[in-house]
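Sequence lines set the chain letters: A, B, ... in the order given, protein chains first and strands last, and positions in each chain run from 1. Predicted model, so just to flag it, every value in this text is computed and none were measured.
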There are 2 protein chains.
Amino acid sequence: MTGKGASRARRGRPRQAEVARLAGVSQTTVSLVLGGNKQGITLHEDTRRRVLAAARELGYVPDPAARRLAAARNNLLGVFSFTATFPTAVEHSYYPFLVGVEQEAAARGYDLVLFTGSSSGSQAAAPGALERVRLADGCLFLGRHLPADGLRRLVEHGYPAVHVGRHEELAGLAWVGVDYVAASFEVVRHLEGLGHRRVVLVREDDEAPASTDRERGFRSGLAGPGAGDAVVRTADPASDITPGWLRARLAEGVTAFVAEETDTGAAWRALLAAVDGAGLSAPDDLSLALLGSPPADLAARPEPAGFDIPRAALGAAAIRMLTALLAGETADEPLVACAFRPGTTAGPPPAAP
Amino acid sequence: MTGKGASRARRGRPRQAEVARLAGVSQTTVSLVLGGNKQGITLHEDTRRRVLAAARELGYVPDPAARRLAAARNNLLGVFSFTATFPTAVEHSYYPFLVGVEQEAAARGYDLVLFTGSSSGSQAAAPGALERVRLADGCLFLGRHLPADGLRRLVEHGYPAVHVGRHEELAGLAWVGVDYVAASFEVVRHLEGLGHRRVVLVREDDEAPASTDRERGFRSGLAGPGAGDAVVRTADPASDITPGWLRARLAEGVTAFVAEETDTGAAWRALLAAVDGAGLSAPDDLSLALLGSPPADLAARPEPAGFDIPRAALGAAAIRMLTALLAGETADEPLVACAFRPGTTAGPPPAAP
DNA sequence: ACCCGGAACTAATGCGCATTAGCAGTGGGG
DNA sequence: CCCCACTGCTAATGCGCATTAGTTCCGGGT
């Protein structure tokens, strides 16, 4: 039974047939005119105008479902998140991304569908929840832990999908990502350019591509030896990165410390605390860098050397990639570059005692 | 011409007809079984099982477009903004709202369409840009300066629309809003409870309902006389609200100052500056309150007495209102209440000299 | 006078599904 | 022995649109 609300909503929603009646033509003609007449059928200019006028007068808007069913497209791009679409915890990083998505989509004449997919816990695992995205012409997928099966099915069926974040496991899934490798490389090079010869990276214990990419860039930026123990991986930075630990590294000749950025910023936080606790300060006693942007609550602290993630650009790139897929074009460059940030926490190493 | 993507997407996807063939039944039966058979047609249990098995074997998933076409609704709610959908300037106030919208929509089984309507300048004024919202079953409208004509048309056609923000001009347009009147009333009462007898409101020169409502609440909260000049309206708080002005008020016996919250926070900013400039401090020399939340960059300052706008709750209320309209129910309460915030800027008035 | 070709449309069809009307079979009551 | 109610299913239809295969009208050529 059709819901009462639905029928209300539909009443007054004009169809092509009504436009046709008002314009004194057939539904076919209306479809032709409004659809751009790609089949090149000759239509009188007056007719065209009459149809257009009638459509405007009635406020006609095509039904996306019908359009889709008739095997066309509906100018809708989807955004599907495997966490809440609007996560509350990472608002500061998520919002700019959406800004980029919206602007690029608008510029290309697409509207956005936000699939409230997995936000409501219970429905999350519902098989077929993913399939709803087919309403849109193509879809962006966000989140680290994607249901591989569902996504694979979509991709295999040729559905245009773009994952936000590097993703090589699922062959055929297009993705866009941040070039953490190059950005991290650049930070290390900057430090070495300042004269640092031994640099340590503190990273959390996470296998996300965003983490491993940073480490890769870090390592490839290291010139000298000692790269073997240049990376410290810890599940609990707060208790592992202590003033004592810091002093020991300094004693070994390490002069610069680099922290990975994560949602929590734990590594950076621990590093700052250790420096404070040891009674030292950057950039005089040692240099610090952050592979990303500092958490919002640390905005008052001195600006860390490092790089900024161009989140809006990432969103725009994702949309560009998706529309390229839709157009059947070959894919763009999937990586967006970060902006190097000199900051105030890195300088030349202190003169040897 | 059918897009390549669309046809590719379709190839290989099983339909009900194929499931039916495999199960040895009709398409109707498949639809009945998979659709839950809400019409109560008697079906043999074996048949049901065969259909289910066949569907599983083929990996059948219903086509949402077809489903929605047949059901005459598409489970889509729109969000249309007369500024960019994701404004960059007021992110801190906008994001929480969207969080509420999303959660409530998800809970009710709706997806969201963000109309990139007026964000891309050029398209903004396009007549009929508004009509695109008809794509969704109903729509939220945000922004102060709405194109009344377009909206009226939608409303007259019976299109379910909800404006976010009080809006009485356009009859028939449903709205949800923040109860600034009650919240402001409460703030004034709090101040009077502390002993303040003369209180002044500093507001910007704006006729927005959000402003007039605050003033209304403020005035109705005032107990004593002198309410006539208790409200100062200024187009340029920074130059009107000076230390000198402040001293003059104090000399008149005013002991508490209340600022309206706006996007810029100019009134509050000016008030703080005047207090500083006069070498005074709250709550010792005078009491301050803010009818809203402080701007983000003033987060480090002492927490103002006042109230917090429950933005997420507002978003949720908007969706509830909209779904109520869709269901043909009578409208909910349109006002959401604010949370009183004692803050640290208000205390008893100083003892008379 | 007749045919032909282009201009300007329209009728008919199908997309995949939900829904409604209806049809065969079966057993029981009158 | 006929009618009826009931069980268990299917044919037919329509949602709103895009597309394909026509159809009608008209002026020129021969």
Side-chain angles (χ1 to χ4, degrees), chain A residues 1-3 6-7 9-21 23-51 55 58 60-75 128 131-132 134-135 157, chain B residues 1-3 6-21 23-51 55 58 60-75 134-135 137:
Chain A
M1 180 65 81
T2 288
S7 69
R10 248 178 57 240
R11 171 157 48 228
R13 181 166 172 179
R15 313 118 201 263
Q16 286 190 343
E18 271 131 66
V19 175
R21 214 170 302 140
V25 298
S26 70
Q27 176 262 321
T28 304
T29 303
V30 174
S31 174
L32 248 24
V33 170
L34 298 180
N37 187 12
K38 285 160 195 168
Q39 33 281 324
I41 290 177
T42 54
L43 288 176
H44 199 105
E45 179 59 21
D46 289 352
T47 306
R48 218 180 70 83
R49 270 200 274 267
R50 276 214 319 284
V51 170
L58 292 180
Y60 170 80
V61 171
D63 179 326
R67 212 179 184 127
R68 161 55 95 208
L69 191 55
R73 51 189 40 194
N74 50 31
N75 275 354
E131 300 284 341
R132 287 156 49 206
R134 288 186 191 269
L135 178 75
H157 285 327
Chain B
M1 181 59 81
T2 288
S7 68
R8 275 249 316 287
R10 205 160 254 133
R11 174 156 43 229
R13 246 187 90 195
R15 312 121 203 263
Q16 286 189 345
E18 270 130 67
V19 176
R21 214 170 304 141
V25 298
S26 70
Q27 176 264 321
T28 303
T29 302
V30 174
S31 174
L32 248 24
V33 169
L34 299 180
N37 187 12
K38 285 159 194 167
Q39 34 282 320
I41 290 177
T42 53
L43 288 176
H44 200 103
E45 179 59 22
D46 289 353
T47 307
R48 219 181 69 82
R49 270 201 273 268
R50 275 211 323 283
V51 169
L58 292 180
Y60 169 80
V61 175
D63 177 358
R67 198 182 207 130
R68 281 163 186 182
L69 218 215
R73 57 178 9 233
N74 52 29
N75 266 18
R134 287 187 192 266
L135 179 153
D137 291 338

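- Gln39(A) is listed as a side-chain neighbour of Leu32(A), based on a closest heavy-atom distance under 4.5 Å.
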Report, one pair per line, the protein and nucleotides 6-8 of chain D atoms (nitrogen or oxygen only) whose separation is under 3.5 Å.
from: dG8(D); atom 1: N7; to: Thr42(B); atom 2: OG1; distance (Å): 3.4

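- The interatomic distance linking Leu32(A) (CG) with dA8(C) (P) rounds to 13 Å, in whole Å.
- The distance between atom NZ of Lys38(B) and atom C1' of dT20(C), rounded to the nearest whole Å, is 16 Å.
- In this structure, of dC15(C), dT20(D), dT20(C), it is dT20(D) that holds the atom nearest to the side chain of Gln39(A).
- The stretch residues 23-31 of chain B touches DNA chain C through Gln27(B), Thr28(B), Ser31(B), each having a heavy atom under 4.0 angstrom from the strand.
- Asn75(B) pairs by the side-chain hydrogen bond (donor to acceptor under 3.5 Å, both in side chains) definition with Arg73(B), not counting sequence neighbours.
- End-to-end axis angle of the helix from dA1(C)-dT30(D) to dG30(C)-dC1(D), using five pairs per end and rounding to 10°, comes to 90°.
- Taking atom CG of Leu69(B) as the reference point, atom C1' of dT19(C) lies 14 Å away to the nearest angstrom.
- Across the protein-nucleic acid pair, Arg48(A) atom CZ and dC9(C) atom C1' stand 16 Å apart, rounded to whole Å.
- Residues Pro14(A) and Arg134(B) are in side-chain contact: their nearest non-hydrogen atoms beyond the backbone lie under 4.5 Å apart.
- Between Arg15(B) and dG16(C), a side-chain N or O to OP1/OP2 separation shorter than 4.0 Å is present.
- Straight-line distance from the CG atom of Asn75(A) to the P atom of dC17(D): 15 Å, rounded to whole Å.
- Considering every non-hydrogen atom in both Ala23(B) and Val51(B), the closest pair reads CB-CA, 4.0 Å.
- Gln16(A) has no side-chain polar atom (N or O) that falls below the 4.0 Å cut-off from OP1 or OP2 of dG16(D).
- Looking at Thr29(B) and Ser26(B), their side chains do bring a donor and an acceptor atom within 3.5 Å of each other.
- Take Arg48(A) and apply the side-chain contact (heavy atoms from CB on, under 4.5 Å) test, not counting sequence neighbours, and it matches Val33(A), Glu45(A), Leu52(A).
- Nearest heavy atom pair, residue Val25(B) against residue Arg50(B), reads CG1-NH2, 3.6 Å.
- Using a 4.5 Å cut-off on side-chain heavy atoms (C-beta onward), Val30(A) and Tyr60(A) make no contact.
- Taking atom CG of residue Asp63(A) and atom P of nucleotide dA18(D), one finds them 10 Å apart after rounding to whole Å.
- Summarising the geometry, atom CZ belonging to Arg13(A) is positioned 11.5 Å from atom CD belonging to Glu18(A); distances are rounded to the nearest 0.5 Å.
- If you measure from atom CG of Leu34(B) to atom C1' of dG16(C), you get 13 Å, rounded to the nearest angstrom.
- With rounding to whole Å, Asn37(A) atom CG is found 12 Å from dA18(D) atom P.
- A heavy-atom distance below 4.5 Å is not found between the side chains of Arg68(B) and Asp63(A).
- One N or O on the side chain of Asn74(B) and one on the backbone of Leu135(B) form a donor-acceptor pair closer than 3.5 Å.
- Shown here for Ser31(B) and Gln16(B), the closest heavy-atom pair between the two residues is CB-OE1, 3.4 Å.
- Between Arg68(A) and the phosphate of dC15(C), there is no side-chain N or O to OP1/OP2 separation shorter than 4.0 Å.
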